[in-house]
Amino acid sequence: MTTATAATAAPRPNSPRPEKHRPDKPETTEPRQNPPTFLSDPYPTLARMRQSAPVSVLHSDGGLRLWIIPRYVDVRAALFDRRFAQDVRRAQALADSRVEGVSLGTEITHMLSSDPPDHTRLRRVVQAAFSRKRVEAMRPMVERITLELLDGLDAAAARHTTRTTTATVDLVRDFAFPLPILVVCELLGFPPEDRDLYRKWSTAIVTQEGDHAVFRRAVQEMGSYVLAIADRRIRRNDRPADLLTELLAARERGELTDDEIVGMVALLLIGGHETTVNLLGTSCLALLRDPGQAAWLRADPTRMPGAVEEFLRYDSPICMATTRFTTEPVDVGGVEIPKDEFVLLSLGAANRDPARFQDPDRLVLDRRDAGHLAFGGGIHRCLGALLGKLETEIALTALLARFPGTSLACQERDLRWRNSMMLRGLETLPVTLHR
């Protein structure tokens, strides 16, 4: 779970294609569609960007200029640098002055699209819910949901297995997606049976599907849904011990508006499952590629927390952090990014930087050089990092124990990836289950 996948509509960039440039200039690319090769494996392109220059420039589908920072030392510095702002309303005004028709999602107000003091106020309302103590208290709930989902996979396999065929299930659809969304439903007190609605809204809001009308409709539907649940609780004086009750109490104290409650729920509902869905999918794929590493983990489940850190580094669920803009000129590795320019920080490129990690393109589950940036950093560091790691540790441990002989049920080249330069995740992961 991470706020790096915030419910905000960033300008949709096209995949970069490095070109020759002078050493004192950023490389520049022209708009182009995300090709399948980039979606399935962005790391060669990100490596060329990282090697070519400290900053690259490309353009969004709408023609907005974007500066990409790919190197670990520069990405980490930028995450903590207040000169890279995120206030979405200021960003929208800036975008409007450059090009027509680019929307950054001002319909949603939340922590990730705000700067202090609003960011400080909003984060303070919910940060206690994600403390180490509160997250650890969720362990039995996460374990229960995990086992229920595995029982469902078991039952599906039994129904479809015959003497001549073996059952195939989709680990994204049937396991990686429902697990974190059901956890967030319990956290917020939302109906779990509506989880497909949440997924639809999430996809529309995070990826925009190339159409801002889709984004706007999803925001409106989600806002009406959230406020209807809130109003129903108020009318019935129904105050269960969940996070929505805490948000409503904050509204009564004058600490949140209705729009901010909707934004907070959107951030938690979407950010609360997008990262974990992607992380579980890519982690499972990595273990399917290398059964020896899966056996190594299965032999000693206490190794799993360290392995999850490496999964986060190796295939960061957020490839590009959400859009920032400069409030004054900023020097990045000898290249000056002027004031009022839009910037993307490539977490995926930073986490594969050989200047920071030894043999970075190899998955090393007992890696000692920690320090990945998958959860961002600074004031916008992922609020739900502890919960996301807990979910992944529990899910992978249980999956490996229940189905030790699981295998990929298609050619890896046939897997479908999210059509997003910012998210790194699988659309599907068909597997054949074996005990």
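- Residues V183 and M141 are in side-chain contact: their nearest non-hydrogen atoms beyond the backbone lie under 4.5 Å apart.
- For R413, the side chain to side chain contact (heavy atoms under 4.5 Å, CB included) partners are Q411, not counting sequence neighbours.
- E341 and T326 share no donor-acceptor pair across their side chains, judged by distance under 3.5 Å alone.
- Contact check for L66 versus V57: no side-chain heavy atoms found under the 4.5 Å cut-off.
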side-chain hydrogen bond (donor to acceptor under 3.5 Å, both in side chains), that's the test. Do W201 and E221 meet it? Break it down for me.
CA-CA 8 Å; W201 292 331; E221 289 177 3; 2.8 Å; yes
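- Contact check for R303 versus W296: side-chain heavy atoms found under the 4.5 Å cut-off.
- With sequence neighbours excluded, the residues satisfying side chain to side chain contact (heavy atoms under 4.5 Å, CB included) with R90 are A85, D87, D115, F325, T327.
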Walk me through whether L227 and D258 qualify under side-chain contact (heavy atoms from CB on, under 4.5 Å).
CA-CA 8 Å; L227 292 179; D258 280 355; 4.1 Å; yes
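- Under the side chain to side chain contact (heavy atoms under 4.5 Å, CB included) criterion, T397 pairs with P301, M304, sequence neighbours left out.
- Residues L64 and H59 have side chains not in contact (no heavy-atom distance under 4.5 Å, counting atoms from C-beta outward).
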Mind running side-chain contact (heavy atoms from CB on, under 4.5 Å) on L383 and R123 for me, showing each step along the way?
CA-CA 8 Å; L383 184 65; R123 190 174 179 108; 3.7 Å; yes
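- Checked by atom type and distance alone, the side chain of S114 pairs as donor or acceptor with a backbone atom of H110 at under 3.5 Å.
- A salt bridge links E412 with R289; the closest basic N to acidic carboxylate O contact falls under 4.0 Å.
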Could you pull out every donor-acceptor pair under 3.5 Å between side chains of residues 311-320 and any protein atom, sequence neighbours left out?
{"unit_1": "R313", "atom_1": "NE", "unit_2": "E310", "atom_2": "OE1", "d": "2.9"}
{"unit_1": "R313", "atom_1": "NH1", "unit_2": "N351", "atom_2": "O", "d": "2.8"}
{"unit_1": "R313", "atom_1": "NH1", "unit_2": "P360", "atom_2": "O", "d": "2.9"}
{"unit_1": "R313", "atom_1": "NH2", "unit_2": "E310", "atom_2": "OE2", "d": "3.0"}
{"unit_1": "R313", "atom_1": "NH2", "unit_2": "P360", "atom_2": "O", "d": "3.0"}
{"unit_1": "R313", "atom_1": "NH2", "unit_2": "R362", "atom_2": "O", "d": "3.2"}
{"unit_1": "D315", "atom_1": "OD1", "unit_2": "Y43", "atom_2": "OH", "d": "2.5"}
{"unit_1": "D315", "atom_1": "OD1", "unit_2": "R424", "atom_2": "NE", "d": "2.9"}
{"unit_1": "S316", "atom_1": "OG", "unit_2": "L312", "atom_2": "O", "d": "3.0"}
{"unit_1": "S316", "atom_1": "OG", "unit_2": "N351", "atom_2": "ND2", "d": "2.7"}

Let me see the working for R50 and R352 under side-chain contact (heavy atoms from CB on, under 4.5 Å), right down to the final yes or no.
CA-CA 10 Å; R50 199 173 50 233; R352 294 283 191 105; 3.9 Å; yes
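- No donor-acceptor pair closer than 3.5 Å links the side chain of R418 to the backbone N or O of L39.
- Shown here are the side chain to side chain donor-acceptor pair (under 3.5 Å) partners of R121, two or more places apart in sequence or in another chain: D118, E260.
- A donor-acceptor contact shorter than 3.5 Å links the side chain of D174 to the backbone of D170.
- For D290, the salt bridge (charged side-chain N to carboxylate O under 4.0 Å, His left out) test picks out no residue, with sequence neighbours left out.
- In this structure, the separation between CG on D361 and CG on D359 is 7.5 Å, given to the nearest 0.5 Å.
- In this structure, CG on L256 lies 5.5 Å from CE on M264, to the nearest 0.5 angstrom.
- Of all non-hydrogen atoms in G281 and L426, the two that sit nearest each other are O-CD1, 3.6 Å.
- No side-chain heavy atom of S131 sits under 4.5 Å from any side-chain heavy atom of E136.
- A pairwise comparison of heavy atoms in V262 and G223 identifies CG1-CA, 3.6 Å as the closest pair.
- Qualifying salt bridge (charged side-chain N to carboxylate O under 4.0 Å, His left out) partners for R71, counting only residues two or more places apart in sequence or in other chains: none.
- Separation of atoms OG1 (T323) and CG (L344) is listed at 4.5 Å; rounding is to 0.5 Å.
- Between M111 and H380, the closest side-chain pair of non-hydrogen atoms is not below 4.5 Å.
- Side-chain atoms of R368 come within 3.5 Å of backbone N or O of D366 as a donor-acceptor pair.
- Counting only residues at least two apart or in different chains, salt bridge (charged side-chain N to carboxylate O under 4.0 Å, His left out) contacts with residues 179-192 comprise R144-E186.
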side-chain contact (heavy atoms from CB on, under 4.5 Å), that's the test. Do T282 and W417 meet it? Break it down for me.
CA-CA 10 Å; T282 55; W417 293 82; 3.8 Å; yes
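- With sequence neighbours left out, F175 forms a ring pair (Phe, Tyr, Trp, His ring centres under 6.0 Å) with no residue at all.
- When side chains are defined from C-beta on, L429 counts as touching L415, because their heavy atoms get closer than 4.5 Å.
- Looking at heavy atoms from C-beta onward, L153 lies in side-chain contact with L171 at the 4.5 angstrom threshold.
- Judged by distance alone, the side chains of D259 and T257 never bring a donor and an acceptor atom under 3.5 Å apart.
- Minimum interatomic distance between A250 and V125 (heavy atoms only, all atoms of both residues): CB-CG1, 3.9 Å.
- Atom CG of L269 is separated from atom CZ of R195 by 13.0 Å, given to the nearest 0.5 angstrom.
- Put simply, the side chain of D194 never gets that close to the backbone of L197: no donor and acceptor are under 3.5 Å apart.
- To the nearest 0.5 Å, atoms CD1 (I261) and CG (L122) are separated by 11.0 Å.
- Under the rule for a side chain to side chain contact (heavy atoms under 4.5 Å, CB included), the partners of P44 that lie at least two apart in sequence or sit in another chain are D41, R48.
- For F190, the ring pair (Phe, Tyr, Trp, His ring centres under 6.0 Å) partners at least two apart in sequence or on another chain are Y225.
- At distances below 3.5 Å, not a single donor-acceptor pair connects side-chain atoms of H434 with backbone N or O atoms of F403.
- In this structure, CG in L399 is found 11.5 Å from CG in L297, a value given to the nearest 0.5 Å.
- The backbone N or O of V142 sits less than 3.5 Å from a side-chain atom of T146, completing a donor-acceptor pair.
- Using modelled atom types, one side-chain atom of N278 and one backbone atom of E274 make a donor-acceptor pair closer than 3.5 Å.
- For T245 and R233, the side-chain atoms include at least one donor-acceptor pair closer than 3.5 Å.
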Would R134 and E246 satisfy salt bridge (Lys or Arg N to Asp or Glu O under 4.0 Å), going step by step from the backbone distance to the final call?
CA-CA 14 Å; R134 293 272 292 269; E246 294 181 30; 3.0 Å; yes
Mind listing the side-chain donor-acceptor pairs of residues 369-376 below 3.5 Å, one per line with the distance, residues two or more places apart or on another chain?
{"unit_1": "D369", "atom_1": "OD1", "unit_2": "R367", "atom_2": "NH1", "d": "3.1"}
{"unit_1": "D369", "atom_1": "OD2", "unit_2": "Q358", "atom_2": "N", "d": "3.0"}
{"unit_1": "D369", "atom_1": "OD2", "unit_2": "R367", "atom_2": "NH1", "d": "3.2"}
{"unit_1": "H372", "atom_1": "ND1", "unit_2": "A374", "atom_2": "N", "d": "3.2"}
{"unit_1": "H372", "atom_1": "NE2", "unit_2": "E309", "atom_2": "OE1", "d": "2.6"}

